[in-house]
Structure formats: C-alpha cells, structure tokens
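One structure is given here, and the rest of the page talks about it.
Chain identifiers are assigned alphabetically (A, B, ...) following the order of the sequence lines, protein sequences preceding nucleic acid strands; residue numbering begins at 1 within each chain. Note that these values count all heavy atoms, side chains included, but never hydrogens, waters or copies made by symmetry. All of these numbers come straight from a predicted model, not from anything done at the bench.
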Number of protein chains: 2
Amino acid sequence: MGSVRRYDSGVDVDVTREQARLDWETGTIFRPIRTGNAFEETVERLLQAIKLGVFGPGDRLPAERDLAARLGVSRETLREALRTLQQADCVAPRRGRYGGTFVTYRMPEPDVADLRRAARDLGGALEDALTYRQVLEVGAAEAAARRPLSPEQRAHLEDRLTELDAAPAEQYRQLDSRFHLAIGELTGSPSLAAAIAEARMRLNDLLNAIPMLDRNIEHAAEQHRAMVRAILDGDGDAARRATEEHLAATASLLRGFLA
Amino acid sequence: MGSVRRYDSGVDVDVTREQARLDWETGTIFRPIRTGNAFEETVERLLQAIKLGVFGPGDRLPAERDLAARLGVSRETLREALRTLQQADCVAPRRGRYGGTFVTYRMPEPDVADLRRAARDLGGALEDALTYRQVLEVGAAEAAARRPLSPEQRAHLEDRLTELDAAPAEQYRQLDSRFHLAIGELTGSPSLAAAIAEARMRLNDLLNAIPMLDRNIEHAAEQHRAMVRAILDGDGDAARRATEEHLAATASLLRGFLA
DNA sequence: CGTCAATGGTCTGAAGTCGGACCATTGGGT
DNA sequence: ACCCAATGGTCCGACTTCAGACCATTGACG
C-alpha cells in the first residue's frame, strides 16, 4: 500500500488502488460486444416475442423479408432461425399469397420444478435481472406519468389493463407482459422500452413457471389499476410507489417458490 | 372501426385496434439485433472507454489477446479496430515485452459549435437518451443506497468523489463519468452498470462539448456530495432526489446551449 | 551480454453472414 | 378459368469474422 507512481499527467496516484479501479471498470466497459452469433440471437428474439405474447397462437408473423429487415439480419439467417423454431413446433410456415409463418406455440403448464431449474440456470444473474427490472420499470412508470399522453396512448394503456383483467388463466402471463411493455412504450423512449422488454425476457421463463393463484391475480390486478390510475393522473410519485409495490410482490412470490 | 373478427382462440377482437397494437409492439420487440458489424462496434467501445476516461493519456490498454477475449471478438477484428484508432491518433502501439497499445487521445476543447452539430446528429435520439439515462441513474442511486455496502465499496465511491473534486478542468468530464459509473457498479447489477455506461456513452460527445464554468462545477460538486452522502447513509429517497436534481440540472444546461 | 517471456504483426483455411436473384405455391380478383 | 401479387423455398458469389499458428521485437533480469 501507499506505493506511489508519477504518471506523465503529473499526478501522483496510489498504484494499488488505481489497479483495483481499472480491474473493476474494465469489466464493465469491456464486456462482450455480442452474446452469440446472429442465428442464435434471432432464435432467441423470435421465441421471446412469442413467449411474451406479442404473437399468440394462430397469429401470423411478419413476412420473412420484412422481419429480416426489422431484425437487421439477412433473410437466410432469419430462415435458419425459423427452421429451428419449426422443428421445435413453435411455428409453422404456409406457402402462397396470404401464407406466412404462423405461431403454433402453446404455453406449457406452470411447474415449480421447471421454475427451480430455470432459476438454477440463471444463477447469480437472477438478482441482477431483478434489480435491473426494478430500476427500469419503476423509472418508466414515473416517466410515463410525468409525460403528457395523447388520448390514443391513454386508451391503449386502458385497453391493456382491461384485456388483462378479462384474461383466461392460460393467457394471463402473456397479457401481463403486454401490459408492462405498454408502460415502457408510453415513456416515448425506445431505448427504455427495449430495455424493459429485454429485462422481462430474461425473467420470462421464471415468471411463466409460477403457478398463478386467484388470490395473487386479484392482488396484482389491484396493483395494476393503481399504476394505471397514477399514470393517467400524471402522478409520478404514486406511479413509482405503485410499481415498486407490485414488482416487490412479484419478486417475493418468486423467491418464495425458490426457497 | 368496430370491425370484429373471431380468431381461433375464440376471442372476438377489434381488428383495427389489434393491428395498431401489433404495429406498435413489433417495433419494440423486433428492433435490430446488431447495430453494426463487429469491427464498428469494437471501434466504438474502445473509443468510448477512452472518452469516458477509463483509460487516460499514457495508459496502456489490455494486451490484444486479452482485450479480444473480453470483448468477445476475434483478435483480428480487434486489431482492425485498433488500426483505425491508431490512424485517428487515439492510440499508439509499442512492440516487445512491456510493450502494448497506449492511449494518446487528448480531449478537445469544449466548443458550442461541436455541441450543436452533435445534437443535430443525434436528432430525436437526444430526448430518448436523456430519458433513458435519467431512469437508469436515478434508479441506480436508489438501488445502491438501499444495499449494504462493503467498506471497500464505500471507500471506492468516496475516492471517486475526492478525485473529481480535485480534478483539473481538462479531466473533469472523464472523472465525472467515472463517478457516475461507480454508482452503477455499486448496485451490484452488471446489467444496470452496463446500461448506464451505454447511456452515458450516447450523451458523451454532447456532455464533453459543454464549456464548464466554475459556477456549474461548484454546483455539480455540491450535488455529487449530496448523492454520496445519501448513498452511504442508505437513504434511498434522498439518493433518488439528489440524483434527479443533478441530472435535471445537467439536462437543462445542455438544452440551454442547444436553444 | 545473452535469455526469454510477453507483446504486437502476419498469414491461412474454415465458418458465418450477407445481398440478391430466381423458383414454387397459393388464393383472391378479374 | 385465368392472372398475378405476395409469400415461402433455394441457391450462389462476395464479404466478414473467426480460431489458431507462427514471426518479429523489445527490455528486464540473471
């Protein structure tokens, strides 16, 4: 300790502490540029779009050429991904005009064993994802509330809530995702909406595996209403508090099943 | 309006509204998988590591083999990126043992003309980035405050503040970045820290181009102290408020120069 | 004064990815 | 009954990226 070196900047620094700082920061800034190859990431995205409920069973995905362009990937790579999903019985292609790629995926029944396995796979990334999601969604709710919303936007949010309240049990998770995603989109910040979608994707397998009890659903519904009310009222503080409470409840429910 | 169709799910939906929802959500979920090729992203990362001040003038970057592994990129791609930076006089390689790639980049003088140009280049992405940053950093400060911190972590945070207070004008921006990044790292969530780094990178050229007046620096220093105090005290609400205030001040300073 | 280990510099063959052209199929429209 | 536009299916040549091996250089250390 206390070893000191003079740099060409003319500033004396403690070499040991400086090294510790560097080790720490390089890990953050020099993280991997790409998590996998284009093909794998494409599969992941498509699967998550389906699991998040953006496309339900029977829905048609955008045409290959269009989808490839949206994903910024060549059509061939996209097709390879679609072929994989097809073999996993998630989608089925239909040729000809008015054809397309149609979703055949059905949500599996929630299963606590699945949940534990999924949590083990995530490992330390679980706490990371929960913190990440908390910060993003709480912040988004507040940001959405503090923003002037168009009548269309207000209607859209209420639609999501109504849809969710009327959801049959097997669609609940997907419509819940739609609702939370909608709040992210209301912030008007594409980056924020994308980050929320990503965070939710990471937790999605876990959330999907939680058995939904009527009592939990009712509780969640109340919290959802509080969030919507606060956002439509433009009350940022209330929106933040309501979202905080809702996410804390979900997180502790999750931890409960893992304990 | 009111056109209704029955899907195989047996649920009647308003086709017009359903289409609007799809258009909206597909934009979020089917955003591009990769923003550019590996080479471009590598250049960007390196440049940002330097501009954010993780590596100052004269510092040595990690060895090529090591750096390539950290970035998840082949050594050849990394070298191509380094060659580009070399041609831009940002780094210089030195061969032999104890050699390496050394940073030669010097911060340009702040210039309002640069700032306006950079803002124009960003376009609508500016508001996006500001919102994104606000949510992330405010949330991170609160999360860090609500978390038990080790003595090393507390010392690290205080080091960053001390370092920043003692900063010569030409290093101020870089040390400011280090300080804000440190808060993200204190949350213990790598995803959150990475997102903060990314958000800051997007605004970096803008922030760097703001002429720093003594009055602003003093004001910022006060806010920084309040943030640190709140985080070390474990006072989440205070941390959030202090960060909110600080970022609002920076944002309005920025908008002022753009107006 | 030589050794040698760590570093940047160079090359190659394989695999991944891309853009684009062209084919095959289908069902609504004329 | 035919046409044709939109869709999935197939293929190819060019470019990018990769993994790994090998070379060249340097300076601290014995």
For a quick check of understanding: with a heavy-atom distance under 4.0 Å over all strands, which category does A/Arg65 fall into, base, sugar-phosphate or nothing?
base
Quick one: does A/Arg94 reach the base of C/dG27 with a side-chain donor-acceptor pair under 3.5 Å?
no
Considering only heavy side-chain atoms of A/Arg95, the closest of D/dT26, D/dG8, D/dC18 is D/dG8
Does D/dG9 have OP1 or OP2 under 4.0 Å away from a side-chain N or O of A/Arg79?
yes
Quick check on C/dT7: is either OP1 or OP2 less than 4.0 Å from any side-chain nitrogen or oxygen of B/Arg60?
yes
Side chains of A/Arg94 and A/Arg60, heavy atoms from C-beta outward: is any pair under 4.5 Å?
no
With a 4.0 Å limit, can you tell me whether A/Ser74 has a side-chain N or O closer than that to the phosphate oxygens OP1/OP2 of C/dC18?
yes
Donor/acceptor link under 3.5 angstrom from B/Arg97 side chain onto base of D/dA28:
no
By the 4.0 Å heavy-atom rule, please label B/Arg83 as base, sugar-phosphate, or nothing.
nothing
Just the rounded figure in Å: distance from P of C/dG8 to CG of B/Asp66.
10 Å
Test item: A/Thr104 side-chain N/O and A/Asp89 main-chain N/O as donor-acceptor pair under 3.5 Å
yes
A/Thr187 side chain vs A/Ile183 backbone, donor-acceptor pair below 3.5 Å
no
From the list C/dG9, C/dA24, D/dT16, which nucleotide is the closest neighbour of the side chain of B/Asn37?
D/dT16
Quick one: are the ring centres of B/Phe55 and A/Phe30 less than 6.0 Å apart?
yes
Within the 4.0 Å heavy-atom criterion, would you say A/Arg34 contacts the bases, only the backbone, or no part of the nucleic acid?
nothing
Per side chain to side chain donor-acceptor pair (under 3.5 Å), A/Gln48 is matched among A/Arg45, A/Glu44, A/Lys51 by A/Glu44
Less than 4.0 angstrom between a side-chain N/O of A/Thr77 and OP1 or OP2 of C/dC18, yes or no?
yes
Return the value, rounded to whole Å, for the distance between atom CD of B/Glu64 and atom P of D/dT25.
16 Å
From C/dG27, C/dT10, D/dA19, nucleotide with atom closest to A/Tyr98 side chain:
C/dG27
Which comes earlier along DNA chain D counting from the 5' end, the contact point of A/Ala63 or that of B/Arg75, where each point is its nearest nucleotide?
A/Ala63
